[in-house]
Every structure is written in C-alpha cells, then in structure tokens.
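Everything numeric here is computed off the predicted structure, so don't read it as measured data. All ligand and atom numbering here is 1-based and tracks the order in the structure.
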Amino acid sequence: MTRPLDKSHPLPIYYQLKELLREKIVAGEWQPGEMIPSERELSERYGISRMTARQALKELTTEGLLYREQGRGTFVAEPKIEQRLAKLTSFSEDMLSRGFQPGGRVLRQEMVSPSTLACRALGITPEQPVVLLERLRLAEGEPIALETSHLYFEGVEGLLDEDFENSSLYNILREKYGVIPTRAEQQVGADLCSHREQELFGIPEGSPVLRNKRIAFDQHDRPFEYTESAYRADRYVFQIELGTL
Ligand code: 16G
C-alpha cells in the first residue's frame, strides 16, 4: 500500500514525498545498501512528475540518507554514527555503544616539541615535550576519522610503548596512568578533506569533513589532551543536547 500524497496540502509535493521516503528509511523498511524505486517508478506510483520525484531524491542524497551509483540506481546509505556532545565519551565507547567494532591504525606515536596551539591548550611551553599520537580510527574496519592527539601529564612518555592499534587511549589513561578524562572543551566546524585525508578515508576528492578540536581535562581539571581531528561527514553526526539555564 502506498500512502497518497496530498496535493491540496500547503507543503510542496516533492517535500511530502521526501518525508515519506525518509520514514521508510528511518523505520528500516528500506535497509542500508538496498536499491530504492527509480524516479520513473516513484512518479508512476504516486502520480507525480519525474521532476518532483528527482527533487525529493536529490535532497535526500544531499542529506546523506541516499547515495547514487552511476548507471545503477539510488541506494539507502548506512546510517550516520552519532556522537552525543553532552557526555564525554571516547571513540571506542561511541562505536561499541552502536555495535561497531572500534579499531585504529597508528600513523605516528612519538615524543615531539608541542606546537603553539598545543602549548596554549595544554598550558605548557615548547620545552615541555608531548606525546604525539596520530591515528586513523576505524569502525568495523572502515576508516571514519583521523585524530592527532597531543598528550601531556606526569609519566606521559610511557604511552610510547602502548599498543593503540587495538586499545582505547582513554581506557589506558584511566587504568594505567590514573588520568581520568572528566570534561572537555570541543569545537566542531565544517571543512573539505585534505588530499591526505581523502586517500586515508578512501573518499572522493573535496568530500566534506567535520573538524574538531578537543581539550580534555582530568579529575583535577588539568588539561592532558589536545586533539585535532577530521571526521567523515558522510558517516558521522554530532548530537547536541540543550537545556535551559
Ligand atoms: C574521541 C575524541 C578524542 C579522544 C578519543 C579517545 C573527539 C572529536 N575526539 O575520538 O579527543 O582522543 O575519543 O578515543 O571526540 P579512544 O579512547 O577510543 O582511543
């Protein structure tokens, strides 16, 4: 059964169709990877023009709910991974809570003199070396984010010997170093991926990414981490909880 679109309703027809298709995706009636009806089929099924059907599909594609494959058709995209910004969580926790196996490829793990931004964030001078940890973060083996962390606390050099391919930084900090991630200041902005990110993520050139800067503080409110990261905008969404003051 297809629900008819209401032509007398003030909302444009393409918009009504878009919301109807969105419902099917969100409700799981159409599964990720499944091919959806073509423009022609939709226009016949709902008695609308192909232009109207095209507009609805185009907007859902821009929103990331659908993707097109040249010459094949339009498919349902994988749902985006949400990170709630009200609670301080780690990448591993975010993935596990959604049933994805987290992973990482360590690209750099070394002692460096901190950049000006890292010094400012961590409240240190360039003479105080930090551990630089650069990781490609994976969910079910698929690259999702590139994270460059600058870490500074008493005994931080121990991190050079840790295995970050298979374990969580925040777990190691809590369990072995007594550093408990307690709160963070985080900025999120939109950008296009760099050439390197494009290659590491295996995404088309000029794809959008979400750029983050996070300063995380321990249980004594000391900053221990300054991380710059790029998250794939097609796979990740940040969810913000608002309350009245
Ligand atoms: C998150 C944090 C990152 C932190 C990492 C620890 C953002 C933007 N970044 O990805 O700053 O280093 O979690 O993850 O949220 P892990 O404990 O799984 O290694």
Side-chain angles (χ1 to χ4, degrees), residues 80-112 114-115 117-124 130-153 156 158-191 193-194 197 200-201 208-219 221-241:
K80 291 188 184 184
I81 299 162
E82 274 177 27
Q83 180 186 128
R84 288 183 187 276
L85 288 180
K87 189 168 169 263
L88 180 63
T89 53
S90 69
F91 182 87
S92 304
E93 285 164 342
D94 286 344
M95 295 306 132
L96 289 170
S97 69
R98 278 155 196 90
F100 297 130
Q101 186 56 41
R105 235 176 73 206
V106 175
L107 305 175
R108 286 174 77 185
Q109 184 174 8
E110 59 197 9
M111 215 77 203
V112 299
S115 63
L117 276 179
C119 283
R120 207 176 297 154
L122 296 168
I124 55 175
V130 297
V131 167
L132 183 100
L133 181 62
E134 185 179 57
R135 294 180 292 171
L136 183 65
R137 309 305 307 264
L138 316 172
E140 296 291 319
E142 186 191 5
I144 297 286
L146 179 66
E147 297 190 324
T148 310
S149 306
H150 308 74
L151 298 143
Y152 182 82
F153 52 86
V156 73
L159 293 182
L160 295 176
D161 301 320
E162 302 288 352
D163 164 24
F164 289 112
E165 299 267 326
N166 304 303
S167 20
S168 148
L169 168 67
Y170 281 10
N171 275 352
I172 291 180
L173 292 180
R174 268 188 292 257
E175 287 162 17
K176 292 177 77 171
Y177 296 84
V179 174
I180 304 174
T182 306
R183 71 174 186 97
E185 290 168 8
Q186 189 165 321
Q187 284 180 3
V188 189
D191 197 6
C193 64
S194 67
E197 286 157 357
L200 286 168
F201 294 158
V209 289
L210 300 165
R211 275 201 203 286
N212 285 276
K213 287 189 176 138
R214 178 185 280 195
I215 306 173
F217 298 80
D218 68 8
Q219 68 274 32
D221 217 27
R222 280 191 298 242
F224 65 91
E225 171 197 23
Y226 170 62
T227 293
E228 291 177 352
S229 55
Y231 278 69
R232 280 173 55 177
D234 61 333
R235 299 293 284 113
Y236 219 83
V237 69
F238 288 92
Q239 163 103 9
I240 303 171
E241 205 171 292

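Judged by distance alone, the side chain of E165 and the main-chain N or O of V106 form a donor-acceptor pair under 3.5 Å. No donor-acceptor distance shorter than 3.5 angstrom exists from the side chain of H150 to the backbone of L132, with no hydrogens or angles considered.
Looking at S168 next to ligand 1, an N or O pair under 3.5 Å apart turns up. Inclusion of N212 in the set of residues having an N or O under 3.5 Å from an N or O of ligand 1 is not warranted.
Near T227, the atoms of ligand 1 lying under 4.0 angstrom from a non-hydrogen atom of the residue are 11 (O). Ligand-side atoms of ligand 1 in range of Y231: 1 (C), 7 (C), 8 (C), 9 (N), 10 (O), 15 (O), range being under 4.0 angstrom from any heavy atom. Within ligand 1, counting atoms from 1 as listed, the ones closer than 4.0 Å to a heavy atom of E147 are 1 (C), 2 (C), 3 (C), 5 (C), 9 (N), 10 (O). Heavy-atom proximity to S229, at under 4.0 Å, picks out these atoms of ligand 1: 8 (C). Annotation for ligand 1: atoms under 4.0 Å from non-hydrogen atoms of S92 are 16 (P), 18 (O). Taking every non-hydrogen atom of R137 and a distance limit under 4.0 Å, the qualifying atoms of ligand 1 come out as 14 (O), 16 (P), 18 (O), 19 (O).
Summarising the contacts of atom 7 (C) of ligand 1 with E93, K213, R214, the nearest heavy atom is found in R214. Relative to atom 16 (P) of ligand 1, the option among L169, L88, T89, T148 with the closest non-hydrogen atom is L169.
Under 4.0 Å is where a charged nitrogen must lie from a carboxylate oxygen, and between R232 and E197 no such pair does. The pair E93-R174 meets the salt-bridge criterion, since a charged nitrogen lies less than 4.0 angstrom from a carboxylate oxygen. Using a cutoff of 4.0 Å between basic side-chain nitrogens and carboxylate oxygens, R235 and E142 are scored as salt-bridged. No salt bridge links E134 with R105; every basic N to acidic carboxylate O contact stays at or beyond 4.0 Å.
For the pair R135 and ligand 1, a heavy-atom separation below 4.0 Å is found.
A donor-acceptor contact closer than 3.5 angstrom links the side chains of Y177 and E162.
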